Structures are given as C-alpha cells and as structure tokens.
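In what follows, a single structure is set out as structure tokens and then discussed.
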Amino acid sequence: MDAEALRRYKETLSGSGAGVVIDSSNPQKVIVKKLTLIVDGMPNKELDLSGDLSKLKEHKLKINEGSCYRIRLDFIVQRGVVQGLKYLHKTYRKGNPIDNNSALAGNYGPRNEIQSYTTADEESPIGMQFRGDYTVKSILTDDASTHIEWEWGFEVIKNW
C-alpha cells in the first residue's frame, strides 16, 4: 500500500473522530472497559476491566459443560487509529497450558462511543474430568503496543 492509499485508509477509519480524546488523563489509545462472557442459554456475565485487574481472578465465571460461548470486549479508541488489534488468551487447567488462542480483532478509528470485538464461537469441554476451575491470561495488543493484560477464570460445571 503506498503512502497516499494508507493516508486515505486511515482517514476512512477515523472518520469524524480524528483527535477524539475521551479520557485526557489516560495516554492509551485503547481503553478497555469490560469483558462479557456470552454463553448460549445462560445470562451474560461481565468483568469490569476498568478497575483493579488483580481482583478478577478471585471471581470465577461459571459455564455449563458443552456450552457454546463467545467473549466480547468493549473498549474506547481515542487519540488515533489502532491498526492490527489482537486479542490473545492462554487457558490453563491446574497450572498446565491447555489452549492458546489468537484472534485479529481488526483496525479501529477513534470514536466517542464504545466499540466492541466478539470472538468466534467456542465450546466448553464435556465430561467429569473437565469440570472445575480454569485460569485465562488475556492480552489486548496491536502492531505498536500492549493495551492491557489481565488474568481471569471460569469454572466448568455440570448444570447451571
């Protein structure tokens, strides 16, 4: 992509939001607000990512075995275009890594409203040996920087 095409592309992404600053005390381009666990047949469960991230792993989200679920991240983009936004997470069971996911969320321009990214469908494991606690280490990053890292957990249960 030549320089002129790149400039036009960034202009399209930023629209009328160029120079938008939602929180002048926060130098980040991406301010992540919350994670929502969307599980078919269950109420959505939310984690506030704007507060003390160290407390998130104390509260395990419950999910039925064999359930289809997605993760939605709600965030604000300010101060300029974010290119190559990626959501990465590594899942652990009893301290051992069991799953590693990386998803390209896309490119986002600054806006005055919350934007979101939702992962593809995943299915929780089935069977007694898979019930119990899981720990997830998540990162939201882009081509230039890491915006947020946090650890959280869920519990696979037989019935909700």
Side-chain angles (χ1 to χ4, degrees), residues 1-3 5-39 44-63 68-125 133-156:
M1 189 179 284
D2 66 24
L6 181 60
R7 184 193 63 73
R8 285 193 311 268
Y9 176 68
K10 285 183 177 182
E11 213 171 78
T12 301
L13 271 179
S14 64
S16 61
V20 168
V21 178
I22 303 296
D23 183 353
S24 61
S25 66
N26 190 332
Q28 290 277 53
K29 277 189 173 181
V30 178
I31 303 170
V32 183
K33 294 298 195 178
K34 69 180 174 183
L35 174 148
T36 303
L37 185 64
I38 304 165
V39 183
N44 290 351
K45 300 191 179 356
E46 297 180 350
L47 292 175
D48 180 4
L49 299 178
S50 62
D52 184 357
L53 299 177
S54 67
K55 295 190 183 292
L56 294 178
K57 54 187 168 184
E58 296 171 11
H59 306 286
K60 303 272 185 202
L61 303 176
K62 295 189 187 311
I63 183 171
C68 182
Y69 70 92
R70 293 165 303 289
I71 296 169
R72 185 181 72 224
L73 297 171
D74 292 338
F75 54 89
I76 293 171
V77 176
Q78 65 175 7
R79 302 185 191 279
V81 173
V82 175
Q83 293 181 296
L85 194 63
K86 292 180 212 133
Y87 174 62
L88 314 163
H89 76 245
K90 188 177 268 192
T91 306
Y92 297 83
R93 170 112 164 109
K94 298 180 181 177
N96 297 312
I98 59 163
D99 190 29
N100 192 12
N101 285 325
S102 173
L104 182 61
N107 303 322
Y108 294 85
R111 301 276 186 266
N112 284 317
E113 65 273 349
I114 290 180
Q115 300 182 65
S116 65
Y117 166 73
T118 304
T119 64
D121 289 349
E122 294 188 48
E123 186 175 341
S124 62
D133 293 339
Y134 291 79
T135 301
V136 182
K137 293 183 180 179
S138 295
I139 300 172
L140 190 64
T141 186
D142 67 27
D143 294 340
S145 63
T146 296
H147 300 288
I148 186 173
E149 294 183 52
W150 72 100
E151 195 172 311
W152 57 288
F154 63 92
E155 179 184 3
V156 174

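Keep in mind that this is a model prediction, so the values were computed, not measured.
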Heavy-atom pair with the smallest gap, counting every atom of [X] and [Y]:
X	Y	answer
L49	I148	O-CD1, 3.9 Å
D142	Q83	CB-O, 3.3 Å
P97	K90	CB-CD, 4.3 Å
S50	D48	OG-OD1, 2.5 Å
T146	Q28	O-NE2, 4.0 Å
R79	N26	NH2-O, 2.9 Å

After noting the C-alpha distance and the side-chain angles of Y134 and I98, does the key distance pass the side-chain contact (heavy atoms from CB on, under 4.5 Å) rule?
CA-CA 10 Å; Y134 291 79; I98 59 163; 3.3 Å; yes

Between the main-chain N or O of [Y] and the side-chain N or O of [X], is there a donor-acceptor pair closer than 3.5 Å?
X	Y	value
R93	D133	yes
N107	G84	yes
E151	T135	no
Q115	G109	yes

[X] versus [Y]: any side-chain heavy-atom pair under 4.5 Å?
X	Y	value
D143	K86	yes
V20	R111	no
E46	D74	no

Rounded distance [0.5 Å steps], [atom1] in [X] versus [atom2] in [Y]:
X	Y	atom1	atom2	result
Y87	I71	OH	CD1	4.0 Å
T91	N100	OG1	CG	8.0 Å
I38	K45	CD1	NZ	12.0 Å
E155	S124	CD	OG	12.0 Å
T119	Y69	OG1	OH	7.5 Å
L35	S116	CG	OG	11.5 Å

Between Y117 and Y108, is the gap from one ring center to the other below 6.0 Å?
no

Sequence neighbours left out, what pairs pass salt bridge (charged side-chain N to carboxylate O under 4.0 Å, His left out) with at least one residue falling in residues 50-61?
none

Determine whether H147 and L85 satisfy the following criterion, side-chain contact (heavy atoms from CB on, under 4.5 Å), listing intermediate values before the conclusion.
CA-CA 9 Å; H147 300 288; L85 194 63; 3.8 Å; yes

For T36, all residues meeting side-chain hydrogen bond (donor to acceptor under 3.5 Å, both in side chains), sequence neighbours excluded
R72

